[in-house]
Each structure stands twice: as C-alpha cells, then as structure tokens.
Amino acid sequence: MTDQKSQAYDAKHIQVLEGLEPVRKRPGMYIGSTDQRGLHHCVYEIVDNAIDEAMAGHCDHMIIMLHDDGSVSVDDNGRGIPVDIHPKTKKSALETVLTILHAGGKFGGDDSGYKVSGGLHGVGSSVVNALSSYMRAEVYRDGKVYMQEYERGKPKADVKATGKTEKNGTMIRFMPDKQIFDTLEMSLSTMLAHFRQQAYLTRNVTISIMDERETRPAEDAALPRLYRFHFEGGVAAYVRHLNHDKQGIGDVIWFTKEEKEGYVEVALQYSQAFTEQTICFANNIHTTEGGTHLTGFKSALTRSINAYARKEALLKEKDENLSADDVREGLSAVISVRLKEPQFEGQTKSKLGNAEMKTLVETIVNDKLAEYFEEHPSDAREVVGKCLLAARARLAARAARDAVIRKGALEGMTLPGKLADCSSKDPSECEIFIVEGDSAGGSAKQGRNREFQAILPIKGKILNVEQARLDKMLANNEIKSLIIAMGMGVGEVKDMAKLRYDRIVIMTDADVDGAHIRTLLLTFFYRYFREVIETGHLYIAQPPLYKISMGKESRYAFNDTEKTAVLSEWGIDEQELSHGEEGDEAEGMEVAENTDEVQKGKKAKGQEGKAAAAPKRRKVNIQRYKGLGEMNPSQLWETTMDPTKRIMLRVMLEDAEAADAVFTMLMGSDVPPRKKFIQTHAKGVKNLDV
Ligand code: TSJ
C-alpha cells in the first residue's frame with residue numbers, strides 16, 4: 001500500500017483511481033490482520049475521520065456505538081462529508097471517499113490542517129467499506145440528510161437526499177464482513193483504552209462510547225454501557241492519569257505551541273516512582289518507536305535540568321552532568337506533535353522521521369522548562385534531587401558491572417602489592433589474615449609464619465562509605481585486592497576450587513571501630529562469597545584485650561571475664577585494683593598478695609592449695625590493647641596467630657547474616673529503622689559487635 005501511496009504522491013494526482021478488489025483479496029496488507037486487532041482497526045479508521053474534523057475545529061463530539069447486530073456506528077457533529085459531484089470522479093465526494101482506494105481526506109478541497117487519516121492508520125475509510133458486508137453513510141448538511149448504502153464496498157445506489165435536518169455531521173454505520181474477519185467480537189475494554197487516549201490528545205472533544213450489545217465478551221460483561229471522555233487538560237490530564245497512584249513532585253507541567261512547522265503539546269510530571277513513562281504521538285498516532293519529537297524532548301530535558309542544577313550549584317563543578325537516563329527516572333511525560341506531512345519510519349512505521357520536529361520540540365521544551373524551574377524553585381530542587389539520586393545509583397551499578405566484567409581480568413591479575421603472601425602454594429595449608437591498619441599489618445607481617453600465612457593489610461574505614469551500596473564495595477580498591485588475593489574470582493566465574501587459602505581470617509581491633517570493619521567484611525562475604533562461609537573457610541581472629549603480667553609471668557585475657565579469672569587465679573581481688581581505672585596506658589599497681597581477703601576468694605574457687613606462700617608484695621601489670629598495632633610481632637604471633645595457641649572463631653552463616661542485617665539497617669536507605677536503632681543503642685555502640 002505504501003508503494004501505491006507514494007506513487008500517488010509523486011504523481012501529484014490525488015485520484016489514482018483504484019477499485020477495492022485488492023483490499024478484499026489481501027485484507028492483511030491494509031489493516032494489518034484479520035483478527036480482533038484488524039477488526040478494531042476498522043473502527044479506529046472511521047473514528048479518525050471524525051477526529052480530523054475535530055482537529056480542523058469543526059466538530060466537538062462523536063459517538064461510537066456497538067450495536068447488537070455486530071455493526072458499529074460512528075456519528076460526529078462536524079460539517080458533514082461533502083456530497084457534491086467531484087469533477088474528476090464524476091461521483092459525489094461522499095461516494096469517492098468511501099469507494100475509492102487512497103482517496104481518504106483528499107476531497108472537499110481541504111488539505112489544510114493535520115490529519116490522522118492519511119497517517120499510520122490512514123488506509124482510508126474505503127478499506128473499511130470494502131471489508132464490510134454492509135455500510136451506510138448519512139450526511140447532515142445544509143438542512144438535509146444525504147444517504148448512501150454499500151455492500152462489500154459497492155454502492156447500492158447513488159447518494160440520495162432522504163429528508164430534512166437541523167443538525168450537521170456525518171454518520172457511518174458498518175458491519176464487518178464475516179467472510180473476512182476471524183472474529184466479529186469487539187472488545188469494549190480495548191476500545192475504551194484507545195479512545196480515552198485519543199480524547200487526551202484531542203483536547204475539548206467529547207468521545208462517547210455506547211455498548212448496546214446483548215451478549216458481550218466476558219472481559220466486557222461487567223463494564224458500564226456508556227462512556228464519555230472529555231479532557232480540557234489535554235495531555236496534562238493524560239499525565240495526571242499516568243501518575244494517579246504515584247506521589248507526584250510538584251504539579252503537572254504543561255505547554256503547547258503552534259509554529260509554522262507544526263503544533264507541539266507536552267505535559268510532564270516527576271514522581272517518587274523509579275520507572276519512566278514517556279508516550280509520544282505524531283498526529284494522534286502513538287509513535288511506539290519514538291522518533292525526532294522524542295529525541296528533541298529528551299535532549300531538552302537533560303539540558304534544562306543540568307543547566308538548572310549547575311546554576312543552583314546542586315551539581316558541583318567536579319560532578320559529571322546528569323545523563324539522559326538520570327533525568328528519566330520517575331518521569332511521566334506525554335509528547336504530542338501535529339504536522340502536515342508526517343514521515344513514519346522504522347520497523348512498524350511508528351517512528352517519526354521529520355527532522356524539523358527535533359528542533360521544534362527541543363526549543364519549546366528548553367524554553368518552557370527553564371521558565372517553569374525559575375517560577376517553581378522548590379519543585380525544581382526536588383526534581384534535581386531525584387535525578388541526582390538516580391545518577392548515584394547509575395554510578396554504583398556501573399561500578400558493579402565493571403567489577404563483574406573485570407572478574408576475568410582478576411584471575412590473571414598480579415597479586416596486590418600490599419599482600420605479603422605465603423611461600424606455600426598448597427591452599428589446604430595456607431591462610432590469609434585480613435588485617436586492619438598498616439601498623440597492625442606490619443606487626444602481622446613480621447610475626448607470621450611465612451611458610452603458610454599471608455597478610456593483607458586493608459585500610460580501616462574505607463568501606464564505610466555513606467549510603468554504601470555493596471556494589472560500591474566491589475569498586476573499592478581494598479575489596480578488589482582481597483578478591484584478587486583470594487583468587488577465586490567474583491560474579492559469574494567465581495570458582496571455589498581456586499580459593500588460594502584454606503582459612504580466611506578477619507583480624508581487627510577489639511574495639512568499636514574494629515567491630516564495625518568486621519561487620520562490613522562479614523557483610524561483604526555474606527553477599528558475595530557466601531559459599532566461603534558455608535564451607536567454613538572464614539574466621540575471626542581473637543586478639544587479646546589485656547595482657548596481665550606479674551613478675552615474670554604474663555597472661556592474656558580476651559575479655560573482661562577472662563581478665564577477672566586470671567587475676568583471681570593469681571589470688572588478686574579485682575576490687576583492689578579498681579581505684580585506678582583500667583586506663584589506656586598499661587599501669588602498674590602494687591597489691592598485697594595472699595591477703596586474707598584474697599585467700600577467701602581463692603578458697604571459694606577451690607584453689608587453696610597454691611596459696612600457702614608467705615604474703616609478699618608483687619607488682620601486677622595490666623595492659624589493655626587499644627589495637628593490634630600495639631602488640632609487637634612476637635606478641636601478635638603468640639596470642640593471635642600461632643595455630644597451636646590461638647583461638648579463632650569460625651564464622652557461621654547466621655553470624656554473617658546478622659552482620660548483613662545490621663549493615664543493611666545502618667547503611668540502607670530505610671530511614672525509620674535506622675533512626676530507631678540509633679535511639680535504642682545511642683549509649684551502647686557495642687551493639688554493633690557481631
Ligand atoms: F470518512 C468517513 F466516511 F469514514 C468518515 C468521515 C466517518 C466519520 C465518522 C466522519 C467523517 C467526517 C468527515 N466527518 N467530518 C468530515 N468532514 C469532511 O469530510 C469535510 C467536510 C467539509 C469540508 C469542506 O471543505 O467544506 C471538507 C471536508 C474534508
């Protein structure tokens with residue numbers, strides 16, 4: 001059909017007279033298909049003519065009726081199709097429109113205005129006639145009623161004046177041919193969606209739909225029989241409809257402009273949603289493949305928002321511009337353009353090709369958005385804020401993707417410089433200590449057994465990024481080093497068999513910060529290397545909290561209970577030490593050993609045997625380690641790393657799960673629980689401990 005049509009254009013003769021036989025032979029070529037879609041297409045085709053009349057400003061109401069006999073009628077209150085004899089066809093304009101292929105809209109000398117018919121749908125009403133077992137046309141014009149009937153596209157008689165009337169308009173009633181269509185059952189609900197959309201696009205026009213069918217398809221059975229669509233707000237009402245269950249930001253922004261190239265109408269509103277919905281039309285045809293009008297819109301939107309964000313310093317100099325995708329998140333928009341000669345391209349001929357539409361839409365949207373932002377600064381800020389959030393999410397996603405892409409590269413990558421690897425290459429005997437801080441890392445490197453112990457120092461709080469997303473963690477250098485050192489890759493090609501160490505040991509300070517970093521690392525393992533935990537390869541080192549010395553003897557305590565126990569074992573009542581608080585520094589205190597009081601205490605524990613010695617004054621030294629770094633290499637080895645003496649905790653999945661939950665709550669965007677947590681635990685940050 002397009003070929004024939006362009007021939008018609010080329011020849012600059014509108015009347016390439018052609019009968020309707022080819023239409024009945026190959027209906028699919030004209031209406032796409034002969035299923036329900038094709039059936040609906042016929043109704044739309046007829047209604048389009050009334051919409052054209054409305055767009056030309058001559059009609060403001062149309063009624064579509066689904067009759068019980070399976071026919072459909074469409075009435076409008078326009079000027080009525082001319083019925084005078086056309087000089088070239090020697091037939092009335094009405095008959096020409098309805099019986100000659102490709103003649104739609106070319107008659108009556110009215111080629112001004114923008115037409116739906118002649119566009120994507122515009123195969124012409126004659127096609128519908130050809131595919132109808134019966135059609136009746138009535139024209140109300142000049143006080144008279146004119147009428148003509150057809151059978152499968154052929155007039156039964158000439159146009160006749162059948163009576164008088166006050167009104168003007170056109171009525172077409174047709175019965176789709178059951179010889180052509182697979183089904184004659186129309187779906188009211190499908191049509192409602194279509195006509196609702198058309199009503200948004202044709203502001204101030206009323207489209208009524210009446211369903212008079214006795215038996216209706218199941219999907220329509222519960223629907224009312226009469227609908228009336230009328231939207232003063234045009235596409236602004238459309239956007240309001242799209243956002244009706246969303247939390248909008250500001251009001252709907254709406255503007256229209258008529259230029260010599262055509263007419264542009266745009267409405268948009270941001271909401272708190274994350275999806276985008278931008279729907280565009282050219283001459284009321286839904287351009288599902290987009291095109292120049294959409295390109296112009298997007299480009300203007302991105303530019304305007306960036307310009308505003310820069311001007312208001314919401315984007316700092318160092319920040320990248322917001323991308324087209326960033327400014328689309330949470331956007332609902334409808335773009336409607338009308339132009340004289342729309343060019344439709346693309347796979348389904350639903351992509352607008354007219355280049356001038358890009359510039360036109362772009363200019364208008366740029367101007368109007370800048371104006372709107374100036375006048376509504378608080379809405380503008382909220383919109384920019386929303387886009388900035390999207391940008392951050394985009395960067396995080398990119399980092400995650402890059403990390404995954406790099407997974408292949410990770411394998412062949414050289415081990416990180418700061419890793420002090422072990423000499424053994426037998427993973428079953430190797431272990432790696434992830435150590436917080438350089439000084440602790442230094443002690444660990446010196447104190448370790450080089451044969452089978454590797455040390456990876458990581459920087460303390462690097463992981464504690466504000467709003468840390470786990471995918472950001474993957475982009476982090478410390479994490480990257482860790483992944484490379486482990487050797488098993490990450491993401492799709494992760495392979496447990498390549499794990500380079502049998503034991504992965506998290507070694508952090510025994511304080512709040514250490515606990516925090518441990519939480520982060522556990523979370524990381526839980527989310528990205530859960531199998532490492534599940535197979536029992538992840539451990540937490542237990543550095544001592546205290547060193548308690550008396551004379552030549554010294555003992556380590558891993559917590560306060562142990563400290564008490566050690567002191568008690570040595571016959572020292574802790575109460576007597578408590579006048580001097582266990583300060584940061586190691587402190588020496590003179591205590592009387594083996595006093596009566598202490599003796600009692602000892603007896604209570606059943607250790608009286610040792611206590612026979614004469615009372616003697618000795619110096620007890622309690623050192624509290626603030627961090628691993630305070631231990632010298634041999635102390636660290638002795639207390640924490642020596643496999644024959646150390647205590648390590650094997651991480652269970654539940655531990656990591658708990659860490660993950662804590663992490664999510666503290667770092668996640670879920671504000672209320674976070675607030676609650678901080679209130680509840682304001683005094684005891686130790687609750688962070690896993
Ligand atoms: F094409 C059709 F028959 F399918 C059909 C056309 C169906 C329906 C429901 C409406 C119409 C239609 C056509 N409504 N209004 C018009 N208007 C004209 O065709 C028309 C009227 C006057 C003049 C003029 O220049 O005076 C020009 C035109 C094209």
Side-chain angles (χ1 to χ4, degrees), residues 14-15 20 23 30-31 40-67 71-87 89 91-119 121-132 134-150 153-155 159 165 167-176 191 194-195 198-199 202 205-210 283-284 340:
I14 13 179
Q15 301 88 10
L20 293 170
V23 180
Y30 297 85
I31 55 163
H40 290 155
H41 198 134
C42 291
V43 181
Y44 304 161
E45 185 69 42
I46 297 299
V47 176
D48 279 352
N49 292 279
I51 290 176
D52 281 348
E53 184 74 352
M55 286 200 295
H58 302 289
C59 149
D60 66 4
H61 194 186
M62 56 201 74
I63 304 171
I64 300 139
M65 245 192 264
L66 307 186
H67 299 279
S71 69
V72 179
S73 64
V74 183
D75 265 272
D76 74 24
N77 64 347
R79 292 165 295 178
I81 303 174
V83 288
D84 48 299
I85 303 298
H86 195 275
T89 61
K91 286 171 180 165
S92 77
L94 175 63
E95 184 176 330
T96 309
V97 163
L98 287 172
T99 59
I100 291 172
L101 203 54
H102 309 312
K106 302 287 177 200
F107 285 80
D110 181 19
D111 66 344
S112 68
Y114 317 111
K115 290 191 188 309
V116 182
S117 53
H121 298 166
V123 290
S125 20
S126 61
V127 168
V128 180
N129 194 9
L131 303 177
S132 299
Y134 167 79
M135 184 183 267
R136 177 187 174 91
E138 283 178 20
V139 170
Y140 318 106
R141 206 181 149 96
D142 310 323
K144 290 181 186 136
V145 180
Y146 300 92
M147 190 278 283
Q148 189 170 36
E149 290 178 301
Y150 316 83
K154 293 196 170 72
V159 176
T165 181
K167 62 178 183 182
N168 29 280
T170 304
M171 189 288 297
I172 302 285
R173 180 169 175 165
F174 67 101
M175 170 73 87
M191 288 201 224
H194 176 85
F195 291 121
Q198 292 297 310
T202 326
V205 170
T206 304
I207 303 180
S208 299
I209 304 150
M210 206 155 139
N283 288 12
N284 280 26
K340 293 252 172 68

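Each ligand, and each atom within it, is numbered from 1 in the order the structure gives.
- Checking N77 against N168 by side-chain atom types alone, no donor-acceptor pair falls below 3.5 Å.
- Looking at R173 against ligand 1, nothing comes within 4.0 Å, counting heavy atoms.
- Atoms of ligand 1 lying under 4.0 Å from any heavy atom of D76, numbered from 1 in the order shown and given with element: 10 (C), 11 (C), 12 (C), 14 (N), 15 (N).
- Heavy-atom separations between E138 and ligand 1 are all 4.0 Å or longer.
- Here I172 has side-chain heavy atoms under 4.0 Å from ligand 1, and that is the only part of it that gets that close.
- Smallest separation of non-hydrogen atoms from R141 and G80: NH1-O, 2.7 Å.
- Side-chain N or O atoms of S92 include one that pairs as donor or acceptor with a backbone N or O of E95 at under 3.5 Å.
- No side-chain donor-acceptor contact under 3.5 Å links Y146 and E138.
- The main-chain N or O of V128 is found under 3.5 Å from a side-chain atom of S132 such that the two form a donor-acceptor pair.
- The L98 neighbourhood of ligand 1 comprises atoms 3 (F), with distances under 4.0 Å to a heavy atom of that residue.
- Contact annotation: the side chain of I172 never approaches that of S73 to less than 4.5 Å [non-hydrogen atoms, C-beta and beyond].
- For ligand 1, the atoms lying closer than 4.0 Å to a non-hydrogen atom of V97 are 1 (F).
- Residue contacts with ligand 1: G78 is excluded, as none of its non-hydrogen atoms falls under 4.0 Å.
- Remark: the backbone N or O of V145 is not paired with any side-chain donor or acceptor of T165 at under 3.5 angstrom.
- I63 is listed as a side-chain neighbour of H61, based on a closest heavy-atom distance under 4.5 Å.
- Under a 4.0 angstrom heavy-atom cut-off, A137 registers as lying outside contact with ligand 1.
- If you look at V74 next to ligand 1, the close heavy atoms, those under 4.0 Å, come from the backbone and the side chain alike.
- Ligand 1 has no nitrogen or oxygen under 3.5 angstrom from a nitrogen or oxygen of D75.
- Residue-ligand proximity, S125 to ligand 1, at heavy-atom distances under 4.0 Å covers atoms 1 (F), 2 (C), 4 (F).
- Of the N and O atoms on the side chains of N129 and T99, not one donor lies less than 3.5 Å from an acceptor on the other residue.
- Nearest to atom 27 (C) of ligand 1 by heavy atom, out of R79, H58, M171, is R79.
- Ligand 1 places these atoms under 4.0 Å from at least one heavy atom of I46: 4 (F), 7 (C), 8 (C), 9 (C).
- If you number the atoms of ligand 1 from 1 as listed, the ones under 4.0 Å from a heavy atom of G80 come out as 21 (C), 22 (C).
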